[in-house]
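Beneath this line is the structure, given in structure tokens, with notes to follow.
The chain is numbered in sequence order, starting from 1.
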Amino acid sequence: MSWLFGKQKKQSVSADDLRLARLRKEHLNIKRFIKTLTAKTRPGSVVSIQACIHNIIRLIREDTRSPVQLSLSYCLSAQIYVNVSKLTVKVNDEEAFRKTITLFSFLLNNDADNELLALDTFAQALLLLIDHVLADSASNPVQVAALALLFDVASKLRVYPEAVHAWFTRLNKGRTDEEISTNIPETVFEVDVDRTSYPLCQHFLDHVYQEGKVGDFARTGLLYIYDSATKSERLETWIIESDLPRLLASGLGALYSQLSRKLTILHPRGGLPMILALSEEGNDYVETDVESLYSPDTQERLRTFISYITFWRDMIDRCRSDTIKDTLVDNFHVFFLQQILYPSILESSDVDGGSAVAVLSYCHSILDALAQQEDLIHHILHFLLALPGLPASRPVTRDAASERPKSRATMALENLRKKQDVLNPSFFSLVDLILATLQSSNSEAITAGLRLVSIVVRQHHQYAIGSLVRVLPTKRSSPRRTPGVLVQDTSGLIQLAEQIGGARTDNDAYDNSLKDALAMIESHDCSKVHPSLIMLNGHGSDSAESNSRVSKPTVYKHRLRMDDPLMLALLSLLDQFFVNEIEVNLVLTEVLAHLASCPWVCLEGWLAAEPSVSQTIIEAQSIVNTSFDGTEIYTGDGEEEFEQQRIRAYKKACQIPPSKPKHQPSLVMILHKLRDDLEHATVTITDFKQLVASRKRAFEGAAEMEDDAAKSSPAFSRRAKSPRSPRSLMSSVKDSMGSPKGRSITGMMSLGLPPIFELIAGKPRSTTSPIKPLSTRTSHSTIRPLSSAPSTRPGGEVQSPTVSSPVESEQEFNVFEQSVTFALDESGSLTPLDHENTDPFDLRQDHPKATLSRVLTNVIILQDFVLELAAIMQVRAGLFDGDISFC
């Protein structure tokens, strides 16, 4: 048998030699084509060239399966790839480009020791090929293949940064980082920092704005370059001193400038959210020079801009060099914030055809896209809100090891920062624009302003304190509400909700409201740094914040000032709730709910009753001598008597004090006034409560149909974490949001509230309520404002109970289009119109009016909002230590 094995070995060696001979022949053909190829080359020669390159790829691929690999060794030693690259560039053929890219990709992926990656000849041949492919090829698949090859190079350099020197051009070719760093002439950066000196980065930069795979490869490749710069001092220095950060920031500004200067956020008839469609609400925009936010062109430009904003977020997150990160942020500040975004805020106006609507909507999208990127958020909000503490001319931070002579780009950046006072937000900030829009008569401007306030309050509340919201610090010794006062406040709100929208008999309704309130509070940005939740969850802020080097504004316990312009504007809008447009009310209630859900905001004075001396337990060491009804409590000496006194004090705290209507909080007072307004304004409308119930059933039926359709969709599993339509600005608490921590509401309430209900009701606590909340922003809701409605008009589903015989659709439409008129009192607030004693001519004057359909939907929104406030107050008391005082 030995002769058999010997014969096989001989045949194997012969196969390797034969393969090597064929490869040598193909290499000679490549050289011959380079010498003989001219502009008049026949098509047959191009086909032969394609076949020749294909044979080289095939032979090398076969050789990798052999233990000897003679052909692969010859390919690397003879540098066949150099001649193949030259020939491909000379023939300028799409198929030849594709095959040559395949050859380079195969060689790169089989370079286990990264020896090929560090060769200057390989880098030059590959870059020569890519230069002509991206410049001459109009084929998207070939461009994708070229960017994919560059991406492979960037990913390998990220692991093996010692080979970075081979991919630089012009000066210092073939020298390592150590050789360059030992002797650097002062003039080297005059040429070497040019963006073309590192072509790999330049190609990525040229395609970073594109959509699809080309843009994905370019953006991810740049991220890898920034990541690998931490390990290569030369690459780090080149990035800092070149104009690459400026080009990236300028490109962001260019994309922003392509967005429409004027914008309308009115929904087209075919894409109304469910709540607007069922309410017969919504108008088509008329002005031809104002683009719609929902038009395909606007959405395409906005998606491109947001994708680039997201790229900036990822770039800062992935960059591990503090020096590069500071350079990027500085360029972002100067070339985007200072020169592009802030001037657009100065030029906006709520009466100028939607310019304020556009700017506020874009600012909302920017903050939403950046999410937890604290470095960029810090600069944006510090600058636009005119917060103190951000230097106007902070020099670019450098490590001592990377100090180099300044390039023209670096000096230009520092000079621009010194001129920042020319456009200073201290004269007109984003706060001024928001307050102006909230006082505008343009409902679109009001909606856009409220949306921006909502995201700032929810995600970046610490920046809003003192700028957007004026507050007063709260002392630790300030009186706190007792459990009895809490029950009085929450039960009063629940009763008020019944009076506004009617009672419901669903047993799990209020429990759902509590779950949604818990999810809203836990998702609030301030909850991450509140001591109560840190102790409860066992950890502090997330990793994104802990890795951030910025110093966020200090957050502290505070009260809202009732003379604050923002609060006055919000309460003024709430006072006109029934005549407001539905979308305005949805965002208005969202803002107020987010303010109430912040653990650092005291509810006293605007939502909760002010604790009086007779209703508050001052300190745990105090000996209470009298009960609430004035009878004496036994006092004595000893530990046992002291504990009995504390128990009596605890029971006293749980007693409900007598109500004082004259001392109601500002927001609750407006809610009671709205209830009275509703009763008087609808006195002439037959069966108004039945109409409200019918509208509720219409919402519930539409929501059930929508959920059934969503369950069959492949994207259903993702909707728990993402908005259900582009109309995500209408709601900040996501439709399918549950408790992020997975705790049941029953377990949460056991932190302190159960004894209250047991003492007051004399029976085990029940979290249910006869009212079913119709949340416009939560997963347990029946109003779903985020989804587009069917194209058919749904008005026929809501029947007027006063009509006993079948009616035509036009008659029914007229029923819900009738006006409900309000009058204004001396203070400018809404007051119900006295229909019996009012002259008919006065009804034709400019009194605030709203259609019956709008009033019906606003009633449901208001009822849900009141229940939401009650649930937030109850959940806060169970989560946050110090919200109420037991003893």
Side-chain angles (χ1 to χ4, degrees), residues 259-260 262-269 271-277 279 281-287 290-295 298-299 302 345 348-368 430-458 468 566 569-595 723 725-733 776-777 783-788 848 850 854 857-858 861-862 865:
L259 299 175
S260 176
K262 298 180 180 181
L263 203 65
T264 176
I265 57 177
L266 291 177
H267 296 272
R269 277 294 180 184
L272 286 176
M274 187 66 69
I275 188 173
L276 299 183
S279 305
E281 190 86 2
N283 298 310
D284 296 325
Y285 64 94
V286 179
E287 299 180 69
V290 179
E291 293 188 22
S292 172
L293 176 64
Y294 307 103
S295 66
T298 303
Q299 284 293 304
L302 187 59
I345 294 176
S348 61
S349 170
D350 61 317
V351 296
D352 186 20
S355 58
V357 176
V359 171
L360 294 175
S361 299
Y362 300 150
C363 289
H364 178 282
S365 299
I366 291 172
L367 294 179
D368 189 46
L430 185 60
V431 176
D432 299 316
L433 178 61
I434 291 174
L435 295 178
T437 56
L438 295 184
Q439 300 173 3
S440 170
S441 59
N442 187 338
S443 62
E444 294 184 64
I446 295 174
T447 302
L450 289 174
R451 286 173 175 168
L452 185 56
V453 172
S454 176
I455 194 172
V456 173
V457 170
R458 181 179 80 253
L468 186 60
L566 177 64
L570 295 177
L571 295 179
S572 176
L573 290 172
L574 182 66
D575 193 53
Q576 305 178 29
F577 197 87
F578 293 121
V579 298
N580 289 340
E581 291 192 5
I582 293 173
E583 198 166 351
V584 172
N585 285 339
L586 289 173
V587 192
L588 171 64
T589 54
E590 182 182 83
V591 172
L592 293 172
H594 286 313
L595 281 173
S725 79
R727 193 60 175 163
S728 59
L729 302 180
M730 187 177 291
S731 171
S732 61
V733 180
T776 60
R777 297 179 299 279
I783 300 177
R784 303 300 174 90
L786 296 183
S787 298
S788 300
R854 178 185 294 184
T857 299
N858 283 336
I861 296 174
L862 184 62
F865 173 60

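Atom-to-atom distance recorded for Arg451:CZ and His364:NE2 is 7.5 Å, nearest 0.5 angstrom. Between Leu574 atom CG and Phe865 atom CZ the span is 6.0 Å, to the nearest 0.5 Å. Atoms CD1 and NE2, from Ile455 and His594 in turn, are 9.5 Å apart once rounded to the nearest 0.5 Å. The distance from the CG atom of Leu595 to the CZ atom of Arg458 is 12.0 Å, given to the nearest 0.5 Å.
Counting only N and O atoms by type, the side chains of Thr264 and Glu444 include a donor and acceptor under 3.5 Å apart.
The side chain to side chain donor-acceptor pair (under 3.5 Å) test with Asn585 is passed by exactly one of Asn858, Thr447, Thr857: Asn858. Among Val357, Val359, Thr437, the one residue that satisfies the side chain to side chain contact (heavy atoms under 4.5 Å, CB included) test with Ser348 is Val359. Screening Val453, Leu566, Val456, Leu468 for a side chain to side chain contact (heavy atoms under 4.5 Å, CB included) involving Val431 leaves a single residue, Leu468.
Looking at Gln299, its side chain does come within 3.5 Å of a backbone N or O of Leu293 through a donor-acceptor pair. Of the possible donor and acceptor atoms, one in the side chain of Ser365 sits under 3.5 Å from a partner among the backbone N and O of Ser361. Between the side chain of Tyr362 and the backbone N or O of Ser260 there is at least one donor-acceptor pair closer than 3.5 Å.
What you find for Leu450 and Val591 is that their closest heavy atoms are O-CG2, 3.4 Å. Contact record, Thr298 with Ser292: OG1-O, 3.1 Å, taken as the closest heavy-atom pair. Nearest heavy atom pair, residue Ile582 against residue Ser279, reads CD1-CB, 3.4 Å. Here the shortest heavy-atom pairing between Ala358 and Leu263 reads CB-CB, 3.5 Å. Across all their heavy atoms, Gly449 and Leu438 have their closest contact at C-CD2, 4.3 Å. A pairwise comparison of heavy atoms in Ala445 and Leu360 identifies O-CD1, 4.3 Å as the closest pair.
When side chains are defined from C-beta on, Leu430 counts as touching Ile434, because their heavy atoms get closer than 4.5 Å.
Judged as a side chain to side chain contact (heavy atoms under 4.5 Å, CB included), and not counting sequence neighbours, the contacts of Ser443 are Glu581, Val584.
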